[in-house]
Amino acid sequence: MEVFVHHIYEFEKGLRNLVLHTTEKENLKMIMNKLNNRKINYEIYEIEGNRINIFFGAKECVEVIRSIGKQSLREYTFEEDFILGIMLGYDRRKQCERYLSFKEKNARTA
């Protein structure tokens, strides 16, 4: 939970517009309470096992996640994965390399 609290701090200080936090399902109620109390927008994805992904941050950013409309990161297209990486603040150049690598691998298997 220390990492989660730190993610909230970074969002509230303007260091991040969108955060992806992965945790155990048992933390869900506490996390939802903290986000609701701070009026922070969020979207939750259940993942395999007993884990969840929680996207939270600026309303517009969370709305983009919702508009993609997929409940698993594995379902994301290459383009959606690229957009997500940029929104999370990942290195733009590395995201470009990752995207091109995915496209190249897909072209070889097609």
Side-chain angles (χ1 to χ4, degrees):
M1 288 303 292
E2 286 180 40
V3 173
F4 175 71
V5 171
H6 186 73
H7 282 152
I8 288 176
Y9 171 82
E10 289 183 341
F11 168 68
E12 291 180 335
K13 292 298 181 186
L15 297 173
R16 297 175 183 244
N17 293 313
L18 182 68
V19 176
L20 169 56
H21 182 78
T22 303
T23 189
E24 305 297 320
K25 282 184 187 177
E26 65 194 38
N27 296 324
L28 181 58
K29 189 172 182 175
M30 185 172 21
I31 285 172
M32 288 175 65
N33 285 337
K34 283 188 181 290
L35 294 173
N36 287 328
N37 288 341
R38 287 180 160 84
K39 295 181 172 60
I40 299 174
N41 290 280
Y42 62 90
E43 185 70 19
I44 299 167
Y45 286 8
E46 290 192 26
I47 53 178
E48 57 194 41
N50 191 35
R51 300 181 62 77
I52 53 175
N53 281 332
I54 302 157
F55 292 94
F56 68 90
K59 180 181 178 181
E60 307 81 9
C61 295
V62 175
E63 196 56 43
V64 169
I65 300 302
R66 287 187 185 122
S67 74
I68 290 172
K70 297 178 180 166
Q71 285 299 304
S72 170
L73 295 176
R74 292 181 180 172
E75 297 174 12
Y76 276 38
T77 65
F78 304 135
E79 290 78 9
E80 291 163 343
D81 178 84
F82 176 80
I83 291 167
L84 176 60
I86 297 298
M87 289 174 50
L88 289 169
Y90 298 167
D91 181 282
R92 288 185 188 122
R93 200 166 137 211
K94 288 183 181 178
Q95 280 303 109
C96 290
E97 290 169 358
R98 176 180 163 92
Y99 173 77
L100 293 171
S101 174
F102 282 158
K103 291 295 274 189
E104 182 181 314
K105 286 177 190 173
N106 189 51
R108 284 188 298 211
T109 60

Side chain proximity check, Arg98 to Phe78, heavy atoms < 4.5 angstrom: no

Quiz question: by atom type and distance under 3.5 Å, do the side chains of His6 and Glu10 form a donor-acceptor pair? yes

Distance-minimising heavy-atom pair for Gly57 and Ile40: N-CG2, 3.8 Å

Taken in chain and number order and not counting sequence neighbours, the residues that satisfy salt bridge (charged side-chain N to carboxylate O under 4.0 Å, His left out) with Glu26 are none

Tell me, do Lys39 and Lys59 make a side-chain contact under 4.5 Å, heavy atoms counted? no

Which pair of non-hydrogen atoms, one from Gln71 and one from Ile44, has the smallest distance, and what is that distance? OE1-O, 3.6 Å

Residues joined to Leu88 in its hydrophobic cluster, side chain to side chain under 4.5 Å directly or through other members, sorted by chain and number, are Leu18, Leu20, Tyr45, Phe55, Val62, Val64, Ile65, Ile68, Leu73, Tyr76, Ile83, Leu84, Met87, Tyr90

Applying a strict under-4.5 Å side-chain criterion to I, L, V, M, F, W and Y, I'd like to know whether Tyr9 and Ile54 cluster together. no

Can you sort out the partners of His21 under ring-ring contact (aromatic ring centres under 6.0 Å, His included), two or more places apart, ordered by chain and number? Phe4, His7

Asn36 side chain vs Met32 backbone, donor-acceptor pair below 3.5 Å: yes

Closest heavy-atom contact between Gln95 and Asp81? NE2-O, 3.7 Å

Charged N to carboxylate O below 4.0 Å: is that the case for Lys94 and Glu97? no

For residues Phe11 and Arg16, report the shortest heavy-atom separation together with the two atoms involved. CD1-O, 3.3 Å

As an exercise, state the distance from NZ of Lys25 to CZ of Arg51, rounded to the nearest 0.5 Å. 11.5 Å

Compare every heavy atom of Glu75 with every heavy atom of Glu80, then report the nearest pair and how far apart it is. OE1-O, 4.2 Å

As an exercise, state the distance from OG of Ser67 to CD of Glu43, rounded to the nearest 0.5 Å. 10.0 Å

Show your reasoning for whether side chain to side chain contact (heavy atoms under 4.5 Å, CB included) applies to Thr77 and Lys70. CA-CA 10 Å; Thr77 65; Lys70 297 178 180 166; 3.7 Å; yes

Linking I/L/V/M/F/W/Y whenever any side-chain heavy atoms sit under 4.5 Å apart, do Phe56 and Met30 land together? yes

Shared ILVMFWY cluster between Met1 and Leu28, side chains joined below 4.5 angstrom? yes

Greater than 12 external heavy atoms within 6.0 Å of Arg66's CZ: yes

Gap between atom CD1 of Ile47 and atom OG1 of Thr23 - 0.5 Å precision: 9.5 Å

Should we count CD of Glu48 as having more than 12 external heavy atoms under 6.0 Å? no

Value rounded to 0.5 Å, distance of CD1 in Ile8 from NZ in Lys34: 6.5 Å

